[in-house]
There are 2 protein chains.
Amino acid sequence: MRARHDSGDGEPMLIWERPEPPSRPAPSPLSRERIVRAAIDLADAEGLDAVSLRKVAAALNAGPMRLYGYLSTKQELLDLMVDEVYGEIMAPGPAAEDWRAALRDLAHRTRSAALRHEWFADLLGSRPNLGPNALAFLDASFAALHRAPGLTSLDAALHAGGTVTAYVIGAVRREITELRAERASGMDKTQWQRASGPYLTRMLATGRYPALERAIQADDFPPDPATAFASGLECVLDGIASRVSPES
Amino acid sequence: MRARHDSGDGEPMLIWERPEPPSRPAPSPLSRERIVRAAIDLADAEGLDAVSLRKVAAALNAGPMRLYGYLSTKQELLDLMVDEVYGEIMAPGPAAEDWRAALRDLAHRTRSAALRHEWFADLLGSRPNLGPNALAFLDASFAALHRAPGLTSLDAALHAGGTVTAYVIGAVRREITELRAERASGMDKTQWQRASGPYLTRMLATGRYPALERAIQADDFPPDPATAFASGLECVLDGIASRVSPES
DNA sequence: AGCGGGGACAATACACCGTATCGCCAAAAT
DNA sequence: ATTTTGGCGATACGGTGTATTGTCCCCGCT
């Protein structure tokens, strides 16, 4: 059952272009924008699990069912939230001229958006994102790759874009997950090591993980996540560059 | 409130080494293994959303609360499911000798595991995975990277491993998501294009996405996901190789 | 041998979720 | 002025994860 605005004709009428409910004379106190904003605020403050239609509605002084005039499903709300964050990502100035710089910029903006809205990492890549802002993001990626010198086949461009996107999704996810794990067991990274340390040392003592053991023994403290993300990204970009302009 | 096996002393006693309940003379009909297996079967058949403690317990002819003797939380069950899949991934023969081949092998095995258990993609990277099989996976990664010639700093090895892991997570996620989207709207890829096509064409007609427009116009059909995954992976591996052994 | 206690299991209970349905009331149309 | 309509709130339902309570059986002790 779709929202009541679904005109019912054959065409799918995806959610992003569904019209606002006809603006009432006394301006309707609710709008999809306000709903999405409230949901985002709630998710930022209390996590994605705390986002329930009931709580969002309550934050807007409305009954839960009120929202179904603007959304047909909770999933739709999540999709709109994601697209809103893509909007944040695309908000800043124009793209760089160098394709590499442009892709790097998009990646870092995505990462910082995920740090602002940790729930974004949970949703990243879990559904096809076709909202207008997500499309703008895609467009920016392709535009950047089009500026690459040797990238004639746009088949290759698609591959390249997909590869860096995949890296960004995975890296952001991992980083947020680690961040949460640290926070969960006492705010401090060393404290986290103490927490799961005994278990890990016991596991390592079995001798079944020699390489891991060696890796942890020589524990140079892992560098901050930002540079880890950046260096991994450069690695991926290097790989792309090596096929864009065959090795000099 | 932990499961009843938590010994109560200071040490955390993570879930993977918590002992089975004391084997009763008449062997207990339940075990964590059987629970996890039932949950996996359910998730494979009906999706992750269908995995509820009630349904899992029902599949084992038990009341819902029975499971809390073996698990302290649903999240724990999910963690165990993930580790079980890591077990599948690590099951086949020994690792290749070449570091690149070894990493490639791990990546492809992860992908095929996710294709067998689509819910695995939803859980990938969403939590720190420290189960014995996940550790074995990590160990294999580090072992492979250790075999790389120029990888003296294990700091670099950590970065490299993290980078390819991030790519794999993101790529697998995207692929499963796309697969589901296709399946949701009529099994066929061209059919999917028809489904969201009108919306997309209308969006593109706004002229706000010129690069996207160009990319879609010249629609050489995208290659099958397997080669897309593979080529992206090679791309990442190239990037790593270029820093392992500086350009020849 | 009889009995008491403890522990595994089941049933019940609770708060909350997403969503369908229904009824009311106010505003618009006749 | 009356009727209609449609947006909104309240209520309801089936489901969830989990806490609590009760029951019953089996083991060990007297």
Side-chain angles (χ1 to χ4, degrees), chain A residues 1-8 15 18-32 34-36 38-39 42-43 46-81 119 127, chain B residues 1-8 15 18-32 34-36 38-39 42-43 46-81 119 122-123 127:
Chain A
M1 167 103 32
R2 310 296 304 267
R4 69 174 187 284
H5 303 295
D6 197 333
S7 43
I15 67 173
R18 191 169 314 146
E20 293 279 329
S23 69
R24 304 251 299 302
S28 174
L30 245 52
S31 67
R32 274 219 304 264
R34 293 212 333 136
I35 294 174
V36 171
L42 218 172
E46 308 186 40
L48 193 58
D49 296 336
V51 175
S52 73
L53 295 182
R54 289 168 143 92
K55 287 190 197 145
V56 171
L60 297 163
N61 297 76
M65 284 303 105
R66 183 93 181 276
L67 303 189
Y68 279 85
Y70 305 82
L71 315 161
S72 57
T73 260
K74 180 181 183 180
Q75 184 59 62
E76 212 170 278
L77 174 59
L78 298 182
D79 289 343
L80 291 168
M81 289 167 69
W119 49 270
R127 294 186 36 95
Chain B
M1 167 99 37
R2 308 297 303 267
R4 69 174 187 281
H5 303 294
D6 197 333
S7 45
I15 68 172
R18 192 173 310 149
E20 293 279 331
S23 69
R24 303 250 298 303
S28 174
L30 247 52
S31 67
R32 273 218 304 262
R34 293 215 329 137
I35 294 175
V36 171
L42 218 172
E46 308 186 40
L48 193 58
D49 295 337
V51 176
S52 73
L53 294 183
R54 290 169 142 91
K55 288 190 197 144
V56 171
L60 297 164
N61 298 76
M65 284 303 106
R66 184 92 180 278
L67 303 189
Y68 280 86
Y70 305 83
L71 315 160
S72 57
T73 259
K74 179 180 183 180
Q75 184 60 61
E76 213 170 277
L77 175 59
L78 298 181
D79 289 344
L80 290 169
M81 289 168 69
W119 49 269
D122 299 321
L123 266 25
R127 290 182 43 90

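Reminder, nothing fancy here: chain letters follow the sequence lines and each chain counts from 1.
Inter-residue side-chain proximity for L80(B) and L71(B) is flagged as met; some heavy-atom pair is nearer than 4.5 Å.
In this structure, OH on Y68(A) lies 4.5 Å from CG on L53(A), to the nearest 0.5 angstrom. For the atom pair L67(A) CG and R54(A) CZ, the distance stands at 11.0 Å (nearest 0.5 Å). The distance from the CG atom of L30(A) to the CG atom of L60(A) is 5.0 Å, given to the nearest 0.5 Å.
For the pair L67(B) CG and dA19(D) C1', the interatomic distance rounds to 15 Å; values are reported in whole Å. If you take CG of N61(B) and P of dA11(C), they are 12 Å apart, rounded to a whole angstrom. Residue L42(B) contributes atom CG, which lies 14 Å from atom P of dG15(D) at whole-angstrom precision.
In this model, the phosphate group of dG7(D) is not approached by any side-chain N or O of R66(A) to a distance below 4.0 Å at OP1 or OP2.
Distance alone, capped at 3.5 Å, places no donor-acceptor pair between the T73(B) side chain and the E76(B) backbone.
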Next item on the list: Would you mind building the protein contact string for nucleotides 14-19 of chain C? One character per nucleotide, 5' to 3', B for base within reach (heavy atoms under 4.0 Å), S for sugar-phosphate only, - for untouched.
Entry: ---BBB
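With sequence neighbours left out, the salt bridge (Lys or Arg N to Asp or Glu O under 4.0 Å) criterion links R127(A) to D79(A).
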